[in-house]
Number of protein chains: 2
Amino acid sequence: MSANVAIIQESMVKKRLNNTISVDCVIFGFDFEKLNVLLVDRVLVDEKSGKELFSDLTLTGNHIFEDESLEDAAARILYDLTGLENIYLKQFGAFGDTERLLKPNDQAWLKASGRDPHSRILSVGYYSLLATEKVTLKWKGRNVKWYPVADVTDLAFDHYTILQYALQSLRRELLYEPIGFELLPEKFTLSQLQKLYEVVLGVELDKRNFRKKIARMKYLIPLDEKQKGVAHKPARLYMFSREVYEKTRKEVFDFNI
Amino acid sequence: MSANVAIIQESMVKKRLNNTISVDCVIFGFDFEKLNVLLVDRVLVDEKSGKELFSDLTLTGNHIFEDESLEDAAARILYDLTGLENIYLKQFGAFGDTERLLKPNDQAWLKASGRDPHSRILSVGYYSLLATEKVTLKWKGRNVKWYPVADVTDLAFDHYTILQYALQSLRRELLYEPIGFELLPEKFTLSQLQKLYEVVLGVELDKRNFRKKIARMKYLIPLDEKQKGVAHKPARLYMFSREVYEKTRKEVFDFNI
DNA sequence: AACGGTAAGTGTTTTTTTAACACTTTACGT
DNA sequence: ACGTAAAGTGTTAAAAAAACACTTACCGTT
């Protein structure tokens, strides 16, 4: 028994590596038309000549503090960018880069920032959801901007893969939990809500069937208030009630097998 | 722009920590009656006296090799324990221990194995599914055994939490993908399949409705073969056809919104 | 004041899926 | 041949999904 213990331990100790853990945040924003994601324009400048060597895009992210949980780190990153707190954050996976996956830009970037390009970077991914109209980016002029998710074709490191995972995770989640409301302003119309589902899931939905379906959701509260200043019949506004949701939520495994 | 870059980099470098990445495998096994999980009996023996200080249970896991992906590490751990390869492995989350969460046993264990109890241990969790009857544990006598999941009440580190996440992830997955077949022998009866769903999901299902439902799954192939040696009407045997599944699988987002 | 444009809002029918429910069949062991 | 034990099988009612088109309310323009 003791021998067994020793063997396991020894192998554990030997294999310890120079590891870097980063938390990457896929910050989704919705603006009634499309789904956006917050990206950083990564610019590498040659020290001597001052010439721009390249510029490309990355997800927002940072390394983790010593006394911080993973989720705390994600919340901090989000706070630093937007000033927002108590935002829904969902972990959707861990991604273990090895140097084999690094593109030339990435190699140059790591070298320039004094890091060992041979160490493993483990990224833990979180996504969060924001109504873009609620957000004023704190890092103005700091290369952080909204980009339509549909237009993103390539990102640094393995961030494009990570973004795709985040999107997939968001879609799954959206089907079962009322997280869509996080992407809308406090008061919204049913058409806006429908548009959100259409954009995120990438489908078209029938207006009447959609309304019938969501009418069953007790936590969707109709207000005695209407849209103003629109050149058509003004829509009724609705709110999401977290309180009602918590009370009426069913177990996720409401089995349909 | 260049100033911005420098700021981001500096903060990244400063926060690099002494991190340990481990991959933990939640290896589920099914034996027609209950769901089991493979656990390691962790025994700490006092060097001088040879006395056993404590014994408790952990998930199987190991640190990651330098040239290995996360999934490779999970596959290696599984192979070392069972000799099995090409087994379905699903990542279900990353868990960032900090020293605050360590119980006294864990502190003692880390100290005895020469590791810094103040470094962060980041566990990436994978689960895998086995039919227990297919498995012969390679590590015989090495404290690795099957335990009924229902009987597990506490584990070392945060492994109990991790196990619960794995179980939840397994349940979700089971509802949408035909992963249940991994938990059964190659040929199985419908009652065995039903039992599997009941055990994993923790529900009771109606036999006729269950059969109606799975009759729609084209990848469930009835064989011209029956159970033998049972003291009742022998059941027809079925197989899972991965080929048919791949051909007929629908997009996961077969939206019901 | 009338009119055109625009999105909001509203019901019915058909089809599909789910849920509830009990008896007959077939093999083995005694 | 008889008991035991699990396999196998169909109908009905309720709920959910899918398909589909016209009227309403407000704004801006003429």
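Note that this is a predicted model, so its numbers are computed, not measured. Heavy atoms only: backbone and side chains are in, while hydrogens, waters and symmetry mates are out. Here is the naming used below: chain letters follow the sequence lines, and residue numbers restart at 1 for every chain.
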Residue closer to the 5' end of DNA chain C, B:Lys226 versus A:Arg208 (nearest nucleotide):
A:Arg208

B:Arg211 side chain N/O closer than 4.0 Å to the phosphate oxygens (OP1, OP2) of D:dT9?
no

Nearest-Å distance, CG (B:Leu190) to P (D:dG8)?
6 Å

In whole angstrom, give the distance that lies between atom CD of A:Glu204 and atom P of D:dA17.
19 Å

Separation of D:dC20 atom C1' from A:Leu205 atom CG, nearest Å, is 15 Å

Taking the side chain of B:Arg216 as its heavy atoms from C-beta onward, which of C:dT18, C:dT10, D:dG8 lies nearest to it?
C:dT18

Just distance, no hydrogens or angles: give the donor-acceptor pairs under 3.5 Å from side chains in residues 83-95 of chain B, sequence neighbours left out.
residue : atom : partner  : partner atom : Å
B:Tyr88 : OH   : B:Glu173 : OE2          : 2.9
B:Lys90 : NZ   : B:Glu173 : OE1          : 3.4
B:Gln91 : OE1  : A:Ala94  : N            : 2.7
B:Gln91 : NE2  : A:Ala94  : O            : 2.9
B:Gln91 : NE2  : B:Tyr126 : OH           : 3.4

When rounded to whole Å, the CD to P distance for the pair B:Gln194 and D:dG8 reads 11 Å

By ring-ring contact (aromatic ring centres under 6.0 Å, His included), which residues pair with A:Phe28, not counting sequence neighbours?
none

Nearest-Å distance, CG (A:Asp206) to C1' (C:dG11)?
12 Å

Which of these nucleotides, C:dA8, C:dA20, C:dG11, is closest to any side-chain atom of B:Asn209?
C:dA20

When you measure from the side-chain N and O atoms of B:Lys207 to the phosphate of D:dG8, is any distance below 4.0 Å, counting only OP1 and OP2?
no

Does B:His159 use its side chain to pair, donor to acceptor, with the backbone of B:Thr58 at less than 3.5 Å?
no

For C:dA8, does OP1 or OP2 lie under 4.0 Å from any side-chain N or O of A:Ser191?
yes

Taking the ring centre of each residue, are A:Tyr238 and A:Phe188 less than 6.0 Å apart?
no

Using a 3.5 Å cut-off and no angle test, enumerate the donor-acceptor pairs between side-chain atoms of residues 144-154 of chain A and protein atoms at least two apart in sequence or in another chain.
none

Pairs involving residues 178-194 of chain B, ordered by first then second residue, that meet side chain to side chain donor-acceptor pair (under 3.5 Å) (sequence neighbours left out):
B:Glu182-B:Arg242, B:Lys187-B:Glu225, B:Ser191-B:Arg211, B:Gln194-B:Glu198

Taking only residues two or more places apart in sequence or in another chain, which ones pass ring-ring contact (aromatic ring centres under 6.0 Å, His included) with B:Phe30?
none

Give a yes or no on whether a donor-acceptor pair under 3.5 Å exists between the nucleobase atoms of C:dT17, that is its base, and the side chain of B:Lys212.
no

In whole angstrom, give the distance that lies between atom CZ of B:Phe210 and atom C1' of D:dG10.
18 Å

Residues touching DNA chain C, which here means a heavy atom under 4.0 Å, drawn from residues 228-241 of chain A:
A:Ala231, A:His232, A:Lys233, A:Pro234, A:Ala235, A:Arg236

Mind calculating the distance between NZ (A:Lys213) and P (C:dG11) to the nearest angstrom?
20 Å

Output the rounded distance in Å from CD1 (B:Ile214) to C1' (C:dT18).
16 Å

